[in-house]
Enquirer: 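One structure, pasted below without further comment.
Keep in mind the model is a prediction, meaning the values are calculated, not measured. Hydrogens, waters and symmetry mates play no part in the numbers below; they use all other heavy atoms, side chains included. Count residues from 1 along the sequence.
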Amino acid sequence: MMANWDLHPLVRDFRRLEPKLVLAVSSGDTAVPPEQAERVRGLLPPAVIDTLGRLGHLAHEERPDLAADLILRHSR
C-alpha cells in the first residue's frame, strides 16, 4: 500500500505540525521498527514516544485496551 508514497513533503512539513505528536511503538514490530520513531523525534524534538510493550505491528489489534489507554492518556 505504501510502496508509491512520497514522504518527502511530510518530512519537510514536520516542523509546522502544531498538535502534539505521539508516536506509539511496539518492541516486536518488524514492519516499522521502534527506531523509526527515534528518527522522527530527531526531526521533531517535541514528539513523544510511547511504547505498547512487546507487541507486533498491529499492537492496537493485539491489545486494544493498551492502545485505548495510550490515546486517553495523551488526549487529556
Side-chain angles (χ1 to χ4, degrees):
M1 178 176 126
M2 294 181 60
N4 295 316
W5 283 17
D6 178 11
L7 298 179
H8 295 292
L10 176 65
V11 172
R12 181 193 65 228
D13 292 341
F14 264 157
R15 287 172 175 54
R16 293 182 18 214
L17 185 65
E18 292 182 24
K20 177 171 102 175
L21 176 63
V22 178
L23 302 162
V25 301
S26 299
S27 61
D29 189 343
T30 57
V32 182
E35 295 79 23
Q36 292 294 331
E38 291 294 344
R39 288 183 61 205
V40 171
R41 188 165 57 184
L43 298 169
L44 189 66
V48 174
I49 298 174
D50 200 326
T51 304
L52 291 169
R54 308 189 112 215
L55 301 172
H57 185 64
L58 300 176
H60 61 289
E61 291 182 9
E62 293 178 56
R63 291 290 308 272
D65 57 316
L66 294 179
D69 180 59
L70 181 146
I71 292 167
L72 290 172
R73 279 187 286 113
H74 290 284
S75 64
R76 293 186 177 122

Enquirer: Are Leu23 and Asp50 packed together at the side-chain level, in the sense that at least one heavy-atom pair is separated by less than 4.5 angstrom?
Expert: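 No; the side chains remain at least 4.5 Å from each other.
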Enquirer: Is there a path of hydrophobic side-chain contacts, each under 4.5 Å between heavy atoms of I/L/V/M/F/W/Y residues, joining Val22 to Leu10?
Expert: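 In one cluster with Leu10: Val22, no.
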Enquirer: Does the pair Val11 and Leu43 meet the rule for a side-chain contact (heavy atoms from CB on, under 4.5 Å), with working shown?
Expert: CA-CA 8 Å; Val11 172; Leu43 298 169; 3.6 Å; yes
Enquirer: Kindly give the heavy-atom pair with the smallest separation between Leu66 and Leu52, and that separation in Å.
Expert: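 Closest pair (atom of Leu66, atom of Leu52, distance): O-CD2, 3.7 Å.
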Enquirer: Side-chain donor-acceptor pairs under 3.5 Å in residues 53-62, sequence neighbours left out?
Expert:
{"unit_1": "His57", "atom_1": "ND1", "unit_2": "Asp29", "atom_2": "OD1", "d": "3.1"}
{"unit_1": "His57", "atom_1": "ND1", "unit_2": "Asp29", "atom_2": "OD2", "d": "2.9"}
{"unit_1": "Glu62", "atom_1": "OE2", "unit_2": "Gly56", "atom_2": "N", "d": "2.8"}

Enquirer: Mind jotting down which residue pairs meet the side chain to side chain donor-acceptor pair (under 3.5 Å) criterion with at least one end in residues 14-25? Sequence neighbours excluded, please.
Expert: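 Residue pairs passing side chain to side chain donor-acceptor pair (under 3.5 Å), neighbours aside: Asp13-Arg16, Lys20-His74.
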Enquirer: Just so I know, are the side chains of Leu17 and Pro19 near enough to count as touching, which here means a heavy-atom distance under 4.5 Å?
Expert: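 Yes, their side chains come closer than 4.5 Å.
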Enquirer: Output the distance between atom CZ (Arg39) and atom CG (Leu44), rounded to the nearest 0.5 Å.
Expert: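 Answer for the CZ-CG pair, Arg39 versus Leu44, is 14.5 Å.
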Enquirer: How many angstroms lie between OG1 in Thr51 and CG in Leu70, if you round to the nearest 0.5 Å?
Expert: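 The CG atom of Leu70 is 9.0 Å from OG1 of Thr51, to the nearest 0.5 Å.
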Enquirer: Test Val40 against Leu21 for side-chain contact (heavy atoms from CB on, under 4.5 Å), laying out the working first.
Expert: CA-CA 10 Å; Val40 171; Leu21 176 63; 4.0 Å; yes
Enquirer: What pairs meet the side chain to side chain donor-acceptor pair (under 3.5 Å) rule with one or both residues in residues 40-49, with sequence neighbours excluded?
Expert: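 Sorted result for residues 40-49: Glu38-Arg41.
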Enquirer: For Asp65 and Arg63, work out which heavy atoms get closest and say how close.
Expert: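 Nearest heavy atoms, Asp65 then Arg63: OD2-NH2, 2.7 Å.
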